[in-house]
Amino acid sequence: MTSPPLAPGKPCPICGKPSLARYRPFCSRRCGDVDLNRWMSGVYAIPVRETDDDPERPRMRDGEAEE
């Protein structure tokens with residue numbers, strides 16, 4: 001069973017050159033490593049907005065200061 005091609009004709013997301021099947025979705029191992037480094041260093045972070053209704057967060061009582 002073969003899988004369908006991944007985004008044929010899409011350029012490399014790092015440098016914009018045509019992607020190669022061997023390194024898809026990148027054009028080279030270097031661009032793949034650049035992307036991995038961005039993930040590992042936190043460049044691709046999803047922002048989180050904390051809310052007061054978080055069930056995991058302990059509740060503060062009146063008069064208590066948050067640490």
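Everything quoted here is computed from the prediction, not taken from an experiment.
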Q. Has the side chain of S19 got a donor or acceptor atom that lies under 3.5 Å from a matching backbone atom of K10?
A. yes

Q.
With a 4.5 Å cut-off on side-chain heavy atoms, are C27 and P18 touching?
A. no

Q) Between CZ of R22 and OG of S28, what distance do you get to the nearest 0.5 Å? A) 11.0 Å

Q | Taking every non-hydrogen atom, the tightest pair across P13 and P25 | A | CD-O, 3.2 Å

Q.
Working to the nearest 0.5 angstrom, can you tell me the gap between C12 SG and R30 CZ?
A. 9.5 Å

Q | All pairs passing ring pair (Phe, Tyr, Trp, His ring centres under 6.0 Å) where residues 20-43 contributes a residue, at least two apart | A | W39-Y44

Q) Out of curiosity, does M40 fall in the hydrophobic cluster containing V34 (side-chain heavy atoms, cut-off under 4.5 Å, transitive links)? A) no

